[in-house]
Amino acid sequence: MSIPTIYEIEHKCGHSDKKDLSEVPAGDRAGRASWLAGRPCTACFVKSSDRKLSKEFQAERDALAQAARDDQEQSRLPILTGSTKQADWGTRTRYELLRDAYAELVEAGDMDDADWEVQILEPARRISRAGWWIDNREATPSMLVELLADPGKIENGVENENPY
């Protein structure tokens, strides 16, 4: 079976269209399609002459950011380092990863709250670089357990996956 070149993209704005990704290397096509799905379609992007997000989308993003900050405080997670944009994105991404993992692992009954604390929250508290969370944003809950068990080299509270 060959890797598809045409992808049906469901954009964040609610519109869908087909994108020809034949110019993208086969191993990168699914990632590019996922990236495109997280953005408004071309028409909505162009329609926004000042390129600001729609009020509904911005309200949704603001609510998610607030939930992420509340969870950060409640779970005693560190404030993430990086640029302001990276820290905001990383905080939202960490929140979504942990929320989805909790739903799948704890609420589904595979893990109890004590195991969640030891296997997920304790290692997550040692990762303070926003880039780590952004780089691993596509991780499934089971992958997250493995990633947190071995996040890369950690020096002075900040991990570095390239220690050389």
Side-chain angles (χ1 to χ4, degrees), residues 7 9-14 19 21 24-25 27-41 45 51-54 56-164:
Y7 284 79
I9 309 293
E10 292 288 330
H11 292 282
K12 199 76 165 170
C13 61
K19 294 282 185 186
L21 301 179
V24 177
D28 296 337
R29 290 180 193 152
R32 177 73 59 89
S34 177
W35 179 81
L36 288 168
R39 305 198 142 5
C41 70
F45 181 76
R51 303 194 192 247
K52 290 185 179 177
L53 300 174
S54 72
E56 297 83 16
F57 184 76
Q58 189 60 49
E60 181 182 312
R61 178 178 270 183
D62 291 345
L64 179 63
Q66 185 59 50
R69 287 189 300 270
D70 292 345
D71 182 68
Q72 175 177 279
E73 186 176 324
Q74 180 182 4
S75 299
R76 299 181 329 271
L77 293 163
I79 294 173
L80 298 179
T81 60
S83 70
T84 301
K85 186 175 179 179
Q86 289 170 330
D88 291 345
W89 184 17
T91 301
R92 287 191 318 269
T93 299
R94 176 179 63 189
Y95 170 71
E96 291 176 315
L97 283 168
L98 294 176
R99 178 195 62 195
D100 294 348
Y102 188 85
E104 185 172 312
L105 300 172
V106 178
E107 291 174 358
D110 295 338
M111 184 182 284
D112 62 21
D113 284 325
D115 289 336
W116 173 259
E117 178 72 27
V118 171
Q119 294 180 35
I120 303 294
L121 285 182
E122 286 179 10
R125 289 181 186 123
R126 293 190 295 264
I127 301 171
S128 61
R129 190 174 63 83
W132 190 93
W133 294 99
I134 295 166
D135 290 346
N136 292 294
R137 68 187 175 276
E138 299 294 327
T140 63
S142 59
M143 288 169 56
L144 185 60
V145 173
E146 188 175 337
L147 286 167
L148 289 171
D150 183 15
K153 186 175 180 183
I154 298 176
E155 292 179 7
N156 300 323
V158 178
E159 83 295 332
N160 178 1
E161 53 281 335
N162 184 10
Y164 304 106

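Quick caveat, the model's predicted, so the values are computed rather than measured. As a basis for the values below, the full set of heavy atoms in this structure was taken, side chains included, without hydrogen atoms, waters or symmetry mates.
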Kindly check if the number of other-residue, nucleotide or ligand heavy atoms within 6.0 Å of CD (E146) is above 12?
no

Working to the nearest 0.5 Å, report the span between CZ of R61 and CH2 of W89.
9.5 Å

Can you tell me if R92 uses its side chain to pair, donor with acceptor, with the backbone of A68 under 3.5 Å?
no

Work out which heavy atom in P123 is nearest to a heavy atom in V118; give both atom names and the distance.
CD-O, 3.3 Å

side-chain contact (heavy atoms from CB on, under 4.5 Å) between D71 and T91, intermediate numbers included:
CA-CA 10 Å; D71 182 68; T91 301; over 6 Å; no

Nearest heavy atoms of A33 and Y7, plus distance in Å:
CB-CD2, 3.8 Å

Side-chain donor-acceptor pair present, Q66, R69, cut-off under 3.5 Å
yes

List the atom of A124, the atom of P78, and the distance in Å for their closest heavy-atom pair.
O-CD, 4.2 Å

Between T81 (side chain) and S128 (backbone), is there a donor-acceptor pair under 3.5 Å?
yes

Sorted by chain and residue number, the side-chain contact (heavy atoms from CB on, under 4.5 Å) partners of I79 (sequence neighbours excluded) come out as Q72

Closest approach of V106 to D113 (non-hydrogen atoms, all atoms of both residues):
CG1-OD1, 3.5 Å

Under 6.0 Å from the CZ atom of R32, do we count more than 12 heavy atoms belonging to anything else shown?
no

Residue pair R129, D135: steps toward the side-chain contact (heavy atoms from CB on, under 4.5 Å) verdict
CA-CA 10 Å; R129 190 174 63 83; D135 290 346; 4.2 Å; yes

Atom pair CZ (F57) and CZ (R39), whose distance is rounded to the nearest 0.5 Å
8.5 Å

Just verifying a value: how many Å separate L105 CG and D112 CG, rounded to the nearest 0.5 Å?
11.5 Å

Starting at OG of S34, measure out to CZ of R137 and round the result to the nearest 0.5 Å.
7.5 Å

With sequence neighbours left out, write down each residue that passes side-chain contact (heavy atoms from CB on, under 4.5 Å) with K19, or none if nothing qualifies.
I9, H11, D17, L21, L36, T42

Do I127 and L148 pass the side-chain contact (heavy atoms from CB on, under 4.5 Å) test, and can you show the C-alpha distance, the side-chain angles, and the key distance before you say yes or no?
CA-CA 9 Å; I127 301 171; L148 289 171; 3.6 Å; yes

Gap separating the CG atom of L98 from the CH2 atom of W133, nearest 0.5 angstrom:
5.0 Å

If you round to the nearest 0.5 Å, how far is CG of L147 from CH2 of W132?
5.0 Å

Tell me the closest heavy-atom pair linking A130 and Q86, and the distance in Å.
CB-O, 3.2 Å

Side chains of E96 and L64: does their closest heavy-atom pair fall under 4.5 Å?
yes

Regarding E107 and R99, does a basic nitrogen lie under 4.0 Å from an acidic carboxylate oxygen?
no

Testing the basics here: between A108 and E104, what is the closest heavy-atom pair and its distance to 0.1 Å?
CB-O, 2.9 Å

